[in-house]
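Keep in mind it's a predicted model, so treat the numbers as computed, not measured. A, B, ... follow the sequence lines: proteins, then strands. Residue 1 opens every chain.
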Number of protein chains: 2
Amino acid sequence: MSITPQPPPSRPGTPARILDAAERIVQARGFNAFSYGDVATELNITTAALHYHYPRKSELGSALVSRYSARFASRLREMDEAGASTRSKLDGYVRIYAETLSEGRMCLCGVLAAEYMTLPADMQTAIRGFFDQNEAWLAAALERGKTEGCVEFAGCGGDTARMIIGCLQGAMLLSMPYGDVKRFTAVATCLLCGLYRQARPS
Amino acid sequence: MSITPQPPPSRPGTPARILDAAERIVQARGFNAFSYGDVATELNITTAALHYHYPRKSELGSALVSRYSARFASRLREMDEAGASTRSKLDGYVRIYAETLSEGRMCLCGVLAAEYMTLPADMQTAIRGFFDQNEAWLAAALERGKTEGCVEFAGCGGDTARMIIGCLQGAMLLSMPYGDVKRFTAVATCLLCGLYRQARPS
DNA sequence: GTCTATAGGCAGATAGAC
DNA sequence: GTCTATCTGCCTATAGAC
């Protein structure tokens, strides 16, 4: 096999640019307060062009959640493959949220959860999938950490995983009205402190 | 002073009935996915009648948050006046959320926080007021509990208060997609366990 | 793939009769 | 206080030209 030179990194195509803009808008305003017009204005194209790529708003919404969920999953997989310690996994998990928030964005699926009842069925399923995936990854990391003695918590890993997700999503949500990332950071630190307290360092 | 007989408890007037219906709908669907038409249908009146009582949607929204916030505050004040212990205050605080959720409702201000950027300024101010009030009450209870030794946590009471609020709001939010109150209860139990762990019972 | 043009619907809001 | 009627605007979505 010869080493074939890679083509220069191509600019994202229209579908990806649409998703980029739509994602940012939905993270800021939610799905119901977001319109094809918002995206069209930002990309300097017409709403008709948008409908060519994503005929219905529900399809655009589902594509948003799928891409977001896959991107999130790859971040988690990276930590697994790097053989990260339990504590650095938990720290890394919190960091993903903190990065999002420092860009002034909410978690896409967190925002959508608040509108869950009004969303099309495909999106609802995809959103639950996102949280299930997060919970499973966290629960596995927590159980391992408990065995190793570097993390301490009452109850099972699944419940604690849900608590962590709920706590981080809630803290993110509430930090938006105050436009203050520190609000999130303080809560996250507080949360991790509770898990690490009295356990021996990893 | 003679004992004057009280009039029979009068039915709630139209404004209150409007708020009742609107509150339930917003808690389920959010502010942006809620319309005068929804309320009008439920109360069997026209949207024009609604506009007589609440001329603009933003005024209806502000009235919703004010009433909700006042009702919540009175629940907290009741616990103070009953001289409840720190632990029973924290348990009681969680119970308020659990009751709401068991009626299939989200916290009104939690839902609205997710739509914060799209809301009129008056509503934004009122929503922040709700969270500030909750945080102050919890922080005071936590600090007292720490002094008494019946509650244990790292950092200051304010940060822990924010963590509790964030955690409960997030857990509520995420329990909606799963239609499962147990999801919330497990998280809340986990949270309280962490606070009570190793501290001596009150 | 993107455009112009437009259909069809629903939203918030107002005027004026009763 | 509640109604009918209506205005205006924005939204999702489609048809057809380029």
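With sequence neighbours left out, the side chain to side chain contact (heavy atoms under 4.5 Å, CB included) criterion links A/Arg24 to A/Ala21, A/Glu42, A/Arg105. By the side-chain hydrogen bond (donor to acceptor under 3.5 Å, both in side chains) test, A/Arg144 pairs with A/Glu148, sequence neighbours left out. Contacts of B/Arg75 classified as side-chain hydrogen bond (donor to acceptor under 3.5 Å, both in side chains), with partners at least two apart in sequence or in another chain: B/Glu99. Judged as a side-chain hydrogen bond (donor to acceptor under 3.5 Å, both in side chains), and not counting sequence neighbours, B/Glu59 has no contacts. Remark: B/Ala98 engages B/Phe184 in a side chain to side chain contact (heavy atoms under 4.5 Å, CB included) (not counting sequence neighbours). A/Tyr36 pairs by the ring pair (Phe, Tyr, Trp, His ring centres under 6.0 Å) definition with A/His51, not counting sequence neighbours. Not a single side-chain hydrogen bond (donor to acceptor under 3.5 Å, both in side chains) links B/Gln133 to another residue, sequence neighbours left out. Contacts of A/Tyr54 classified as ring pair (Phe, Tyr, Trp, His ring centres under 6.0 Å), with partners at least two apart in sequence or in another chain: none.
In this structure, B/Tyr52 places its OH atom 18 Å from P of D/dT4, rounding to the nearest Å. A straight line from CG of A/Asn44 to P of C/dT2 spans 12 Å, rounded to a whole angstrom. Rounded to whole angstrom, the span from the CG atom of A/Leu60 across to the P atom of D/dT12 amounts to 10 Å.
Applying a 4.0 Å cut-off to non-hydrogen atoms, none of the residues of residues 20-30 of chain A approaches DNA chain C.
Sorted by first and then second residue, the side chain to side chain donor-acceptor pair (under 3.5 Å) pairs involving residues 111-132 of chain B (not counting sequence neighbours) are A/Tyr178-B/Asp132, B/Asn32-B/Glu115, B/Asn32-B/Thr118, B/Tyr116-B/Arg128.
Helix-axis bend for the helix from C/dG1-D/dC18 to C/dC18-D/dG1: the local axis fitted to the five terminal pairs at one end deviates from that at the other end by 0°, rounded to 10°.
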Per-nucleotide protein contact along nucleotides 4-18 of chain C, 5' to 3', at a 4.0 Å heavy-atom cut-off (B base, S sugar-phosphate only, - neither), is B------SSBBB---

Assess the residue pair B/Ser88 and B/Ser85 against the criterion (side-chain hydrogen bond (donor to acceptor under 3.5 Å, both in side chains)); give the C-alpha distance rounded to whole Å, side-chain angles, the decisive distance to 0.1 Å, and a yes or no. CA-CA 5 Å; B/Ser88 72; B/Ser85 71; 3.2 Å; yes

